[in-house]
Asks: 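Mind having a look at this structure? Questions to follow.
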Amino acid sequence: MTWSTGTAGLAVGLLIAVVTAPVGVSGAVFLLPVQLSVLGVPSPAVTPTNLLYNVVAGPGALLRHYRDGLLRSSLTLRLVTGTLPGVVIGAVVRVFAVPGATTFRLLVAALLMPLGLWLIGRTLQPVRPAVAAAPSPGAVTGLALVVGVVGGIYGIGGGSILSLVLVGRGMPVARVAPAALASTFATSVAGAAVFALLSLTGSRAIAPDWYLGLACGLGGLIGGYLGARLRPRLPETALRLLLGALAAVLGALYAVQSLR
């Protein structure tokens with residue numbers, strides 16, 4: 001990796017984290033098109049590189065949330081408990097069952113675009129309180145397990161999908177964002193380690209791009225802290241619409257790329 005590539009990665013990581021951290025998303029999923037289309041990171045190595053980004057970038061936003069006393073919640077514990085085993089399963093699936101870039105992009109598009117549009121619709125046309133009730137603790141843990149598998153497949157730790165679903169089910173962004181980011185960080189540490197071990201079993205490029213992941217992560221570390229400070233200044237409706245729009249636009253981008 002050249003100095004120019006590292007500088008570009010740092011800048012991209014910083015900008016993405018500033019925008020996504022207020023809604024509980026690390027921003028790693030937005031690095032995927034940059035890595036695949038611009039920087040030429042091979043698939044499936046792009047997934048552990050994204051997990052490495054989460055590991056480095058995560059403490060920035062988490063430090064701010066910790067200072068605000070937002071990480072000591074039962075929701076954080078349930079999300080981490082569910083996503084940790086799931087991300088290990090997802091990493092194995094990613095390496096042995098979904099190695100192709102086209103399949104990879106289609107999966108991302110199929111997940112994020114409908115979830116983003118669903119959240120936008122729920123925000124613009126709120127449903128009755130009885131329908132919008134938050135899921136039960138058991139349902140949250142089960143959802144976290146499934147999302148952990150999916151997150152391990154495409155390298156976001158699962159926090160992005162958890163934020164979309166939980167906020168869409170009526171939970172406030174202020175409660176969901178810290179827990180989702182904590183879950184993303186914990187599962188990214190586990191996922192990156194699993195990919196590093198799996199890289200020893202074959203000749204394919206499934207180890208992370210360490211230099212690029214660290215460069216992007218350093219930018220995300222700074223941007224995540226700034227984004228977490230920005231969250232209390234934004235209204236709940238704006239945060240929900242931002243989260244939904246980010247997911248829908250990214251899903252559409254991947255759908256277009258997969259058809260080329």
Side-chain angles (χ1 to χ4, degrees), residues 16-32 50-51 53-54 57-58 60-62 64-65 68 70-71 73-84 86-87 90 108 111-123 132 134-135 137 139-188 220 223-224 227-228 230-232 234-251:
I16 289 175
V18 167
V19 175
T20 59
V23 291
V25 178
S26 72
V29 68
F30 289 88
L31 286 175
L32 290 175
N50 262 6
L51 292 172
Y53 163 83
N54 285 338
L62 292 176
R64 184 64 195 184
H65 289 316
D68 292 338
L70 299 176
L71 292 179
S73 70
S74 59
L75 179 61
T76 300
L77 179 61
R78 288 196 295 271
L79 294 187
V80 172
T81 301
T83 53
L84 267 178
V87 76
V108 174
L111 284 168
L112 293 185
M113 187 160 52
L115 281 173
L117 294 174
W118 173 66
L119 178 56
I120 292 173
R122 292 289 289 268
T123 302
V140 170
T141 303
L143 172 66
L145 176 62
V146 174
V147 168
V149 174
V150 176
I153 291 175
Y154 63 92
I156 62 170
S160 300
I161 301 174
L162 286 170
S163 294
L164 284 165
V165 174
L166 295 178
V167 171
R169 289 291 297 167
M171 291 181 127
V173 176
R175 182 186 178 196
V176 172
L181 285 171
S183 170
T184 294
F185 177 73
T187 54
S188 295
L230 180 64
R231 183 197 56 76
L234 297 175
E236 175 76 12
T237 299
L239 289 171
R240 290 166 64 93
L241 290 175
L242 174 61
L243 178 59
L246 288 173
V249 170
L250 185 63

Asks: Are Thr76 and Pro178 packed together at the side-chain level, in the sense that at least one heavy-atom pair is separated by less than 4.5 angstrom?
Replies: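 Of all side-chain heavy-atom pairs linking Pro178 with Thr76, none is under 4.5 Å.
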
Asks: Could you tell me which non-hydrogen atom of Gly116 sits nearest to which non-hydrogen atom of Ala247, and how far apart they are?
Replies: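 Taking Gly116 first and Ala247 second, the nearest heavy atoms are CA-CB, 3.8 Å.
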
Asks: State, to 0.1 Å, how close Arg78 and Pro137 come at their nearest heavy-atom pair, and which atoms those are.
Replies: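 Smallest heavy-atom distance, with atoms named: CD-O, 3.5 Å.
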
Asks: Stepwise, does the side-chain contact (heavy atoms from CB on, under 4.5 Å) test hold for Val173 with Leu243?
Replies: CA-CA 10 Å; Val173 176; Leu243 178 59; 5.7 Å; no

Asks: Looking at every non-hydrogen atom in both residues, tell me the closest pair between Ala174 and Glu236 and how far apart they are.
Replies: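 Answer, listing the atom of Ala174 first, then Glu236: N-OE1, 4.2 Å.
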
Asks: Grab the two heavy atoms, one from Tyr53 and one from Ala17, that are nearest each other, plus how far apart they are.
Replies: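 The pair with the smallest heavy-atom distance is OH-CB, 3.8 Å.
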
Asks: Nearest 0.5 Å please: distance from the CG atom of Leu77 over to the CG atom of Leu71.
Replies: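 So the CG of Leu77 and the CG of Leu71 are separated by 12.5 Å.
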
Asks: Hey, does Leu181 have a side-chain heavy atom less than 4.5 Å from the side chain of Arg64?
Replies: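 Not touching, per the 4.5 Å side-chain cut-off.
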
Asks: Let me see the working for Leu143 and Leu166 under side-chain contact (heavy atoms from CB on, under 4.5 Å), right down to the final yes or no.
Replies: CA-CA 10 Å; Leu143 172 66; Leu166 295 178; 4.2 Å; yes

Asks: How many angstroms lie between atom CD1 of Ile120 and atom CG of Leu242, to the nearest 0.5 angstrom?
Replies: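 Answer rounded to 0.5 Å: 10.0 Å.
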
Asks: If we count only N and O atoms by modelled type, under 3.5 Å, do the side chains of Ser183 and Thr83 hold a donor and an acceptor together?
Replies: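 There is such a pair between these side chains.
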
Asks: For Arg240, give me all partners under side-chain hydrogen bond (donor to acceptor under 3.5 Å, both in side chains), at least two apart in sequence or on another chain.
Replies: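 Partners of Arg240 under the side-chain hydrogen bond (donor to acceptor under 3.5 Å, both in side chains) test: Thr123.
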
Asks: Between Leu234 and Val23, is there a side-chain heavy-atom distance shorter than 4.5 Å?
Replies: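 They are not in contact (no side-chain heavy atoms under 4.5 Å apart), so the answer is no.
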
Asks: When rounded to the nearest 0.5 angstrom, what distance separates CG in Leu241 from CG in Leu246?
Replies: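 Going from CG on Leu241 over to CG on Leu246, the span is 11.0 Å.
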
Asks: What's the spacing between Leu79 CG and Ser73 OG if we round to 0.5 Å?
Replies: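 Output value for this atom pair is 8.0 Å.
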
Asks: Going by the side chain to side chain contact (heavy atoms under 4.5 Å, CB included) test, name the single residue among Val167, Leu75, Val147 that passes it with Leu162.
Replies: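 Filter result, single survivor: Val147.
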
Asks: On a heavy-atom basis, which atom in Ala21 and which in Gly224 lie closest, and how many Å separate them?
Replies: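 Residues Ala21 and Gly224, closest heavy atoms: CB-O, 3.8 Å.
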
